[in-house]
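Proteins get letters first, then strands, A, B, ... in listed order; numbering begins at 1 in each.
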Amino acid sequence: MAQKPSIPKGTRDFSPAEVAKRNFIISTIKEQFELFGFQPIETPSFENSETLLGKYGDEGDRLIFKILNSGDFISKVDDVTYSSKKSSSIAPKITEKALRYDLTVPFARYVVMHQNEIDFPFKRYQIQPVWRADRPQKGRFREFYQCDADIVGANSLLQEVELVQLYDAVFTNLGLVGTVIKMNNRKVLSGLAEVIGAKHLLVDFTVALDKLDKIGEDKVKQEMLSKGISENAIAIAAPLFAMKGSATNQLKQLETLLQDSQVGMAGINELKEILITVGELGLKTATLQLDVTLARGLNYYTGAIFEVAAPSSIKMGSIGGGGRYDDLTGIFGLKDVSGVGISFGLDRIYLVLEELHLFPKTVDQSLQVLCLNFGEKEALAALKLISKLRGHGIKANLYPAAAKVQKQFKYADKRNVPFVVIIGAEELSRNEFILKDMVSGEQKSCSLDDEPSSFLNEFNGNA
RNA sequence: GUGGUUGUAGCUCAGUUGGUUAGAGCGCUUGAUUGUGGUUCAAGAGGUCGCCGGUUCGAACCCGGUCUUCCACCCCA
């Protein structure tokens, strides 16, 4: 019985055109990663559960895909645990492995395991899929690619500056103009929690603050109150809600607010230094913006925090993010190794480029020349020409059968082939071929003996 | 994980208070056109109406379940 095939929720098939576009993004990112001196690594699709669990908070743990043990795993669970019927107690005993949830934690594991072979500072990049058991939405999938670049073993703020430049370089090369790199500093957020007397509520405070531009001032205050932050504390933090304008202006306000917080002032100084240096160097198409309401996942970030927003005309979640984490490898037993990194959301960048029609026209051009097939002798001559063309890096093919000319032309049209070569009996007798431009409809005769260089310029303009 | 939403031809969608052979546009195949595609004209193929069950003389339509889609939360790329 034939059943209708399907794929799991939140996963996708990619057609040739889609793969071509994705590869365009990936190769652009890769090229810049390498220009900035990052080296590629890869890690397994799945890790030991204990490597991943507890690293992303309770919410994160819930979203980790767990892999059922092989063999008779049920019999290995003790009776007490089994009869408790509590998934949370049973799951760890029957799922010893789990799919990777992001690339940062596996990277931390990698650094710790290979610390003796690595030359620090280590700049690595990694482009691989990750899996999350989330509910899919626009731009949210259960399987998606992350493109990460991280630097470990370097404390200098120049790393942050370089990463901002890297964002700018990638998005510029993708043709995506007008991205906004939002920057904040975890120390500033800590300082704020400190001066409003809600140090123990740091996470609740920042999560609420992060929603400011989405739900508005009133609702943010409401959420803060419901989390146990006093009215008085919110009043002290009030300037944050109205913080606008230039970075220097905002920093001045922050300084007044945080003057009694050592950690807060440290954060401000870091922000200043990064802003000033980036200002000196300049950015091509992106803008670096200070955003004190930016929070992101606070689980491991300790310094700078970045998030990239698509141009304002597009409604889309962040297309990249990152930050400084001083002690990521600490959880795996390696102390005092500072890391800082950024991530590109391939799938969302794809949606943005698609929506703005920014993919180059030739990006999914899988064939540049199609030679029509008129029979054995003619096909042989065509194959000789095709070899020459391929030698010059031109994607060329022979139509595999001597089908109706009309059908062959239709095929060329469907596949968006810009040029068709016609070698029929007549052309062959004159040792010639006809080159037809499918866009303009023009065609001209060329000699089969000519070096392709004589008509190659045709392709440069149109193919 | 919570609340809602969607599913009919390859695609985008119509479809009467439940009633006989379920429609359109686009696409596809063939022909007009035995050496010229995109435009045009004609003909044709293609659907157990997401799946399972229930109500009914009768279900694309009503009810329950399930899967899927999209959306708002949660969280996040």
task = Name the orientation class of the two ring planes belonging to A:F24 and A:F359 (parallel below 30°, tilted from 30 to 60°, perpendicular beyond 60°).
result =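 Because their plane-to-plane angle is over 60°, the rings of A:F24 and A:F359 count as perpendicular.
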Partners passing salt bridge (charged side-chain N to carboxylate O under 4.0 Å, His left out) against [X] (at least two apart in sequence or in another chain):
| X | value |
| --- | --- |
| A:E47 | A:R109 |
| A:E427 | none |
| A:D347 | A:R12, A:R22 |

ask   = Can we say A:E217 and A:K221 salt-bridge, meaning some charged N sits less than 4.0 Å from an Asp/Glu carboxylate O?
value =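 Here A:E217 pairs with A:K221 in a salt bridge, since their nearest N and O are under 4.0 Å apart.
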query = Are A:T172 and A:T285 close enough that a side-chain donor and a side-chain acceptor fall under 3.5 Å?
reply =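 Indeed, the side chains of A:T172 and A:T285 share at least one donor-acceptor pair under 3.5 Å.
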In whole angstroms, how far is the [atom2] atom of [N] from the [atom1] atom of [X]?
| X | N | atom1 | atom2 | value |
| --- | --- | --- | --- | --- |
| A:K214 | B:C75 | NZ | C1' | 10 Å |
| A:R135 | B:C76 | CZ | P | 17 Å |
| A:L294 | B:C76 | CG | P | 12 Å |
| A:R140 | B:A72 | CZ | C1' | 11 Å |
| A:Q126 | B:A77 | CD | P | 15 Å |
| A:D13 | B:U69 | CG | P | 12 Å |

What interatomic distance, in whole Å, is found between [atom1] of [M] and the corresponding atom of [N]?
| N | M | atom1 | result |
| --- | --- | --- | --- |
| B:U8 | B:U68 | C1' | 15 Å |
| B:U21 | B:A60 | P | 10 Å |
| B:G27 | B:U5 | C1' | 29 Å |
| B:U55 | B:G18 | C1' | 12 Å |
| B:A9 | B:G23 | P | 14 Å |

Polar side-chain atom of A:D326 near backbone of A:S338 as donor-acceptor pair, under 3.5 Å =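 Answer holds: no.
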query = Can you check whether A:F36's main-chain N or O pairs, donor with acceptor, with A:E162's side chain at less than 3.5 Å?
reply =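 Here the side-chain-to-backbone pair does not exist.
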query = So, do A:F344 and B:A77 meet the stacking rule of ring centres under 5.5 Å and planes under 30°?
reply = no
message = Could you spell out the base pairing of RNA chain B as a dot-bracket line? Use Watson-Crick and G-U wobble contacts where both distances are under 3.5 Å, [ ] for crossing pairs, | for partners on a different strand.
response = ((((..(..((((.....[...)))).(((((.......))))).....(((((..]....))))))..))))....
Candidate nucleotides [options], ranked by approach to the side chain of [X] - the nearest:
| X | options | answer |
| --- | --- | --- |
| A:K407 | B:C73, B:A77, B:U30 | B:U30 |
| A:F141 | B:U68, B:C71, B:A77 | B:A77 |
| A:K211 | B:C75, B:G1, B:A77 | B:C75 |

task = Decide if atom NZ of A:K395 counts as having more than 12 heavy atoms of other residues, nucleotides or ligands within a radius under 6.0 Å.
result =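 Enclosed.
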Tabulated below should be each protein N or O lying under 3.5 Å from an N or O of nucleotides 32-39 of chain B; please produce it.
residue, atom, partner, partner atom, Å
B:U33, O2, A:Q406, OE1, 3.3
B:G35, O6, A:E426, N, 3.4
B:G35, O6, A:E427, OE1, 3.2
B:G35, N1, A:E427, OE1, 2.8
B:G35, N1, A:E427, OE2, 3.0
B:G35, N2, A:E427, OE2, 3.0
B:U36, O2, A:K436, NZ, 2.9
B:U36, N3, A:Q443, OE1, 3.2
B:U36, O4, A:Q443, NE2, 3.3
B:G37, O2', A:D413, OD2, 3.3
B:G37, N7, A:K436, NZ, 3.3
B:G37, O6, A:K436, NZ, 3.3
B:G37, N1, A:M438, O, 2.5
B:G37, N2, A:D413, OD1, 3.0
B:G37, N2, A:M438, O, 2.8
B:G37, N3, A:D413, OD1, 3.4
B:G38, O4', A:D413, OD2, 3.2
B:G38, N2, A:V439, O, 3.3

ask   = Taking the nucleotide of RNA chain B with the closest heavy atom to each, which residue, A:Q137 or A:V308, is nearer the 5' end?
value = A:Q137
ask   = So what does A:G375 hit on the nucleic acid, given a heavy-atom distance under 4.0 Å: a base, only sugar-phosphate, or nothing?
value =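 No contact.
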message = Under 4.0 Å, counting only non-hydrogen atoms across every strand here, what does A:G60 touch: a base, just sugar-phosphate, or nothing?
response = nothing
Which atom pairs, one a donor and one an acceptor, fall under 3.5 Å between side chains of residues 144-151 of chain A and the rest of the protein, sequence neighbours left out?
residue, atom, partner, partner atom, Å
A:Q146, OE1, A:L103, N, 3.4
A:D148, OD1, A:S343, OG, 2.7
A:D148, OD2, A:T104, OG1, 3.4
A:D150, OD1, A:R124, NH1, 2.8
A:D150, OD2, A:Y325, OH, 2.4

